[in-house]
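See structure below.
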Amino acid sequence: MTVSFTPPADPQAAIATYRNLNLVGSRHVPVSASLDVLNPATGAVLGQAAASTAAETDAAVQAAKAAGSAWAAIPARERGKAVAAGGRALLAHFEIVAQVLARETGKAIRTECRGEVKTSADILEFYGGLGSELKGETIPFNPRMLTMTTREPLGVVAAILPWNVPLVLMMLKIAPALVAGNTVVVKASEEAPFATYLAAEILMQHLPDGVLNVINGTGADCGAALTSHADVAKITFTGSEAVGETVYKSGAERIVPVSLELGGKSPMIVCDDASLEKSVAGAISGMRFTRQGQSCTASSRIYVHESLYDAFLAALRAELDSLKIGDPLDEETDIGTIINAKQAAVVAGYVAQAEATPGATVIRCGAVPEGTELSPDLFALPTLLLDLPEDHPCVQNEIFGPVAVIQKWSDYEDVIARANDSRYGLAATVWTENLSRALDATSRLNAGYVQVNQNLTIQPNVSYGGFGRSGLGKEASLEAMLAHFTRSKTIVIAMD
């Protein structure tokens, strides 16, 4: 363990540092094959990342397993201090990490990437302070017996990341796992691995060798080898509903705990007494338009009371038209690119379905950027879909792009039923000045994360997670650390 690591100042040099390698046992370990990672804004090859085999995945698990006993033996508060120190180090280097993140994800550096790195550092600091909370309890079972419970780490945790907000979601997994005494193998997203590697190596300088490891590769090879590994004691996954099913089955075959944060089709209900200005701003932030709509919690079903509908729609269009779509590295850019051609085709396919629906209206906002170095293929315009039936695929399915369905409503009971008409249950928002209505709606909406008159993203110390097909378990809280990264042991000692 050392604290001498300084990331390269140049983003491309930082990316080249992780060419064809994994971080195993706090060392750079070359792999036998690689994957090209593209810059979504230009279409150019950004770098080569590891394409780990089952054997190379096993090496990372074995390094984590070997480090486990010594790490678990360190007092929990000391583990927490190490994790918090890693958070401060990440914050000190946030600009270079954000620059790398913008290049590989296509997200705008100003509106998205810097904030993501800072939130990631905050998560590490938050969990770093919770080491003292790994408590058991005493039980008044018998006055002649000392009966108590203790909290123990699980062992090796497999943390599998998506590409949309890889750093925040990595820290929500590894920070509680590490503080609880587990060791971790992170599988980076093959679409956007380099900022994950860089942030992890910054954190590794404050951890013993092998406690944190990062690998990369395809789901079929690296991911499957990791989730099915006999020495992995816990799987935590964020990603698509389909892949989540596969991960869950893999964990079930070995009877290991699995937590899943999957898709969403979050409703936003704008009531007749809502502030027009606040609700429109909430729709912009809630749909995560500056993240190209690539968010599980995106408010992609917006139900607006008929008395506000026309004004809301006009104001929303005007705001979206004012956002600049362009080079993610340009400080004036608000919206960057879709992650890759495959996802762009999915988004375009849903919009085409809406255009083919009788009576529906499709409104595209903003303008595709111009630039000799930019590839226009992945710059998707913010799009509003109007007058679709509730059973339409665009209303029911997660599009994961800058596409929002705007629906009119007049009857309160009906709009609650429509909002709940989804196989997902991740998030929801209600916009009203009526406290009774707000309390009623929050109690009846089938979602794990419900907000009133705001649309915050994930925050440390605010429990986050969904119902139904949106996944299993919670993140971002003390309770999540205890539930997902420790096991409870009951101890009974006879006093006679």
Pairs where residues 83-95 contributes a residue and the test side chain to side chain donor-acceptor pair (under 3.5 Å) is met, not counting sequence neighbours: Arg88-Glu125, Glu95-Gln99, Glu95-Arg114

Asp440 and Arg444 ion-paired at < 4.0 Å: yes

Pairwise side-chain contact, Leu101 with Pro166, heavy-atom cut-off 4.5 Å (strictly under): yes

Between Tyr18 and Gln48, a side-chain donor and acceptor under 3.5 Å: no

Working for side chain to side chain contact (heavy atoms under 4.5 Å, CB included), residues Ile235 and Tyr248: CA-CA 9 Å; Ile235 305 168; Tyr248 195 32; over 6 Å; no

Under 3.5 Å, which donor-acceptor pairs do the side chains of residues 320-330 form with other protein atoms, sequence neighbours left out?
residue	atom	partner	partner atom	Å
Asp321	OD1	Gly366	N	2.9
Ser322	OG	Glu319	O	2.6
Lys324	NZ	Asp330	OD2	3.1
Asp327	OD1	Leu329	N	3.0
Asp330	OD1	Glu332	N	2.9

Donor on one side chain, acceptor on other, Lys173 and Thr238, under 3.5 Å: yes

Exercise: do Thr357 and His392 side chains pair donor with acceptor under 3.5 Å: yes

Stacked cation flag Lys474 on Tyr464, 6.0 angstrom / 45 deg: no

Lys408/Asp310 ion pair, N-O < 4.0 Å: no

Enumerate donor-acceptor pairs with a distance under 3.5 Å from any side-chain N or O in residues 280-288 to protein atoms, sequence neighbours excluded.
residue	atom	partner	partner atom	Å
Ser285	OG	Ala281	O	3.3
Ser285	OG	Gly282	O	3.2
Arg288	NH1	Ser285	O	2.7
Arg288	NH1	Asn455	O	3.1
Arg288	NH2	Thr297	OG1	3.1
Arg288	NH2	Leu456	O	3.4

NZ/NE/NH1/NH2 to OD/OE distance under 4.0 Å, Arg291 and Glu112: yes

Validation row, ring centre Phe312 to ring centre Trp409 under 6.0 Å: no

Sidechain N-carboxylate O distance under 4.0 Å for Arg469, Glu241: yes

Matching residue for Pro402 among Leu384, Thr290, Ile338 - test: side chain to side chain contact (heavy atoms under 4.5 Å, CB included): Ile338

Between Glu191 and Asn340, a side-chain donor and acceptor under 3.5 Å: yes

Ring-face cation of Lys265 near Tyr424 (centre distance under 6.0 Å, axis angle within 45°): no

